[in-house]
Amino acid sequence: MLVAIDGPVGAGKSTVARAVAAHLGFTYLDTGAMYRCVALAAIEDEAADLKRSASDLKIEFEGDRVMLDHSDATEAIRTPEVSQRASLVATDTTVREALVERQRLMTQRGDWVAEGRDIGTVVRPDAELKVFLTASDDERAERRAAQTGRSVAEELADLRERDERDRTREASPLRRADDAVEVDTTGVAFAQVVERIAALVADVQGRTA
Ligand code: DC
């Protein structure tokens, strides 16, 4: 089974998807980390071929760690510079095609909670459950600021710029799949969001049993 969790920056996708996966015993896939790895490789070598990076870079998830060509890149891919660059490389069609292909292969077998921008629309439109997570701009900026230590105003400006790029790009723009369940996390404790999604999964499992 595949649970697709999509939504904009700071809606809580990572925290929620990780917790839902742990709760259900499913494997968690952070597709944004893959775009971030391609961005980091581009920053480290401006001459790097983006398409080749997307198809050939060795990206492995080991528990909570993200390994890029056998080196731990978990922290390096979370800097504001990499965030901005990732949303840029994500507009490249050849990068998207290569990463989408890898994501399809990875999630072909077993039970997954995959999180990103286009899981329910492009990567796996056949997902048994699609969730579109949202939250108000202010709350998203506050959550990001608590994670990064930057000001709420800086985070707000940053996320609006990235949202705009993610929503308006030609290749697989961020949008809610028609059959996705929208879950607004504004003012809602994460534990409650996780419970809600677990209940949706139980519904699907009940229907398909
Ligand atoms: O979720 P994140 O912030 O780690 O994602 C980093 C960037 O990658 C973000 O700007 C959007 C892009 N992305 C994407 O286009 N498609 C995905 N499935 C996941 C992320």
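First listed ligand is number 1; within each ligand, the first listed atom is number 1. Only heavy atoms go into these numbers, but all of them, side chains included; no hydrogens, no water, no symmetry mates.
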K.L.:
Atom CD1 of Ile77 and atom CG of Asp30: how far apart are they, to the nearest 0.5 Å?
P.N.:
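Output value for this atom pair is 6.5 Å.
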
K.L.:
How close do Arg196 and Glu182 get, heavy atom to heavy atom, and via which atoms?
P.N.:
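So the two residues come closest at NH1-O, 4.4 Å.
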
K.L.:
Using a strict cut-off of less than 4.0 Å between a Lys/Arg side-chain nitrogen and an Asp/Glu carboxylate oxygen, indicate whether Arg140 and Asp137 qualify as a salt bridge.
P.N.:
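Looking at Asp137 together with Arg140, the answer is yes, because their closest N to O distance falls below 4.0 Å.
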
K.L.:
Do you know which two heavy atoms are closest between Leu50 and Ala42, and how far apart they sit?
P.N.:
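For Leu50 and Ala42, the tightest heavy-atom pair comes out as CD2-CB, 3.9 Å.
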
K.L.:
Would you give the length of the straight line joining atom CZ of Arg176 to atom OG1 of Thr134, rounded to the nearest 0.5 angstrom?
P.N.:
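Here the rounded value is 9.5 Å.
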
K.L.:
Under a 4.0 Å heavy-atom cut-off, what residues line ligand 1?
P.N.:
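Heavy-atom contacts below 4.0 Å: Thr31, Gly32, Tyr35, Arg36, Arg78, Ala86, Ser87, Ala90, Arg96, Gly116, Arg117, Asp118, Arg162, Asp166, Arg169.
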
K.L.:
For a quick test of reading the model, state the closest non-hydrogen atom pair linking Ala19 to Val194 and the distance between them.
P.N.:
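Here Ala19 and Val194 meet closest at CB-CG2, 3.6 Å.
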
